[in-house]
Amino acid sequence: MNVGRIGALLSRHLYLYKRSFARLLEIFYWPFLDLIVWGFITIYLAQQGNQLHGAVTFFLGALILWDVLFRAQQGIALSFLEEMWARNLMNLFASPLTVGEYLMATMTMSIFKVTAVGSLMILFALVFYSYDIFVIGLSLVPFIFNLLISGWIIGVLTTSIIMRFGQQAEVLAWGMVFLFQPLSCVFYPMEVLPAFLQKISWIIPPSHIFEGMRSVLLHGEIPTVHVIWATGLNAVYLVGMILWFYHTFSICKERGMLVRVGE
Amino acid sequence: MAQPLVEVRNLTKRFGDFVAVDNISFDIQEGEILGLLGPNGAGKTTTIHMLLGLITPTAGSIRIFGLDLAEHRETILKQVNFSSTYISMPYSLTVEENLRVIARLYGLSNITQQIDDVVKKLDMQEIRGKLTRKLSSGQMSRLTLAKAIMTRPKVLLLDEPTASLDPDITQKIKAFLKEYRRSENLSILYTSHNMREMEEMSDRIIFLQRGSIVAEGTAQQIVERFGQRDLEEVFLKLAREERRI
């Protein structure tokens, strides 16, 4: 793993942000808008009575944590799309850059993105709604770590599909993560799902994180079981997904798709 | 005779039933310019992509600097680069930013100095700070050539580097490449549809047709073998024969 080459790829993406208004919007505007809308919904629900009051405090926390997952996934998938749109994949993969270094660079890029978006959302929530996500306490560390990994897994899956099927699949860069949202139980507890969906939800790592978040807020308990499940599942899926990416990359090279992707 | 820098043996690439490259073998010696000639679809670009590790061959072997490309990709690609009219570079970056990214990818030291050198060599001072999306096709060709030579490759693969360029820029690029090859003792694989350019640039030519090598030698040897007046007539003869098949 060559750090210089990972840095090269990172600098290529950071140069983009330096002068791209659209890319800055992605960091500032959409998360801010999300927070405003959900903030008002939260206030409205809180005004409806004490029964709902406990539940509504989850919403802003859930939204901020969901954005960690969403931006982590986008950090990977959009980085690939940027290369595809710029017809730069040949320049990259005809250089000494390895697939592992490429993945590492996009994962690092997603950390930058999550840090920027997450910090802003935490700040906005505090300023506009007096909502302090740090009430979750130390559990926040494994929560964010696991959501980041889940975002990478979905991002790598999305990238491998785009690489395999080309531009017709690029919409997945925005849509794929939402496929997992209903079963991730972001805004509602797992128990509201039908029994068979609860079983599926159980093997989706983010569902454990959002369950865990509610457990901390409701009972003040550190949700050890959920954290262990999320971490274990993420470890298995991440290794599997990286192997899958290598396999897809190899198929694309065999079929000559790497030089045609984006055409 | 010294060991060739590039050794291609029985290279074949099939995409399903279509045979893009059919059992070809050739060498490139140090400091040699080998021209790869052939009509559209003859397998020139696929061969270049295989030499860059972008397409996996169906059969055969590629050895560069005596090393197997499949096993030593990273080591080999540090010293190989390419340029093509058909590639691009990130449009939202300036010329200099693009060159900086490439320099870091290839692990160059003294990056600013290397960029200064290549910008001067290719007369790119005026466009150094320009956004890549604002470059003309001639300027873009110079940029892709700059990114290729800045890394000081020992083997340079050029896929139609002068296609769609005006004669003035074409002449400048050819003159630059000839001088650069001489000063750096660079080995070059060169493809073009311009027969005069091929005769002028190449020490030796390989003529590809439907993925196979149908002729090999100097331009003069190929012309004599086919009993034609020049390389263009050979090209037309072979291309028309292919269309009749």
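Each chain gets a letter, A, B and so on, in the order its sequence line appears, and its residues count up from 1.
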Is it the case that atom [atom1] in [X] sees more than 12 heavy atoms from other parts of the structure closer than 6.0 Å?
X: A:Phe21; atom1: CZ; result: no
X: A:Trp174; atom1: CH2; result: yes
X: A:Phe145; atom1: CZ; result: no
X: B:Gln125; atom1: CD; result: yes
X: A:Tyr29; atom1: OH; result: no
X: B:Arg128; atom1: CZ; result: yes

Partner chain A: residue of B:Leu93, B:Leu52, B:Thr75 with the largest heavy-atom pair count (under 4.5 Å): B:Leu93
Between B:Ala148, B:Gly16, B:Ser92, B:Ala20, the one whose heavy-atom pairs under 4.5 Å with chain A are most numerous: B:Ser92
So do the side chains of [X] and [Y] get within less than 4.5 Å of each other, counting heavy atoms only?
X: B:Ile55; Y: A:Leu258; answer: no
X: A:Arg12; Y: B:Pro90; answer: yes
X: A:Arg87; Y: B:Tyr91; answer: yes

Side chain A:Asn91, main chain B:Met89, donor-acceptor under 3.5 Å: no
Heavy-atom donor-acceptor pair, B:Lys78 side chain to A:Ser95 backbone, under 3.5 Å: no
Ion pair B:Glu97/A:Arg19, N-O distance below 4.0 Å: yes
Pair B:Glu74 + A:Arg5, salt bridge at N-O below 4.0 Å: yes
Exercise: do B:Arg104 and A:Ser11 side chains pair donor with acceptor under 3.5 Å: yes
side-chain contact (heavy atoms from CB on, under 4.5 Å) evaluation trace for A:Tyr15 with B:Thr94: CA-CA 9 Å; A:Tyr15 282 138; B:Thr94 64; over 6 Å; no
Under 4.5 Å from any heavy atom of chain A - which part of B:Arg133: neither
Per-residue contact mode, B:Leu131 against chain A (heavy atom under 4.5 angstrom): side chain
Atom group of A:Arg255 that falls short of 4.5 Å from chain B, counting heavy atoms: backbone
Residue part contacting chain B, namely of A:Ser20, when any heavy atom lies under 4.5 Å: neither
B:Ile102 CD1 to A:Leu92 CG distance, which is reported to the nearest 0.5 Å: 7.0 Å
Pairwise distance CG(B:Leu77) to CZ(A:Phe93) - rounded to 0.5 angstrom: 12.0 Å
Stepwise side-chain contact (heavy atoms from CB on, under 4.5 Å) test for B:Leu54 and A:Lys253: CA-CA 6 Å; B:Leu54 294 166; A:Lys253 276 173 65 172; 5.9 Å; no
Heavy-atom pair with the smallest gap, counting every atom of B:Phe82 and A:Ala94: CE2-CB, 3.6 Å
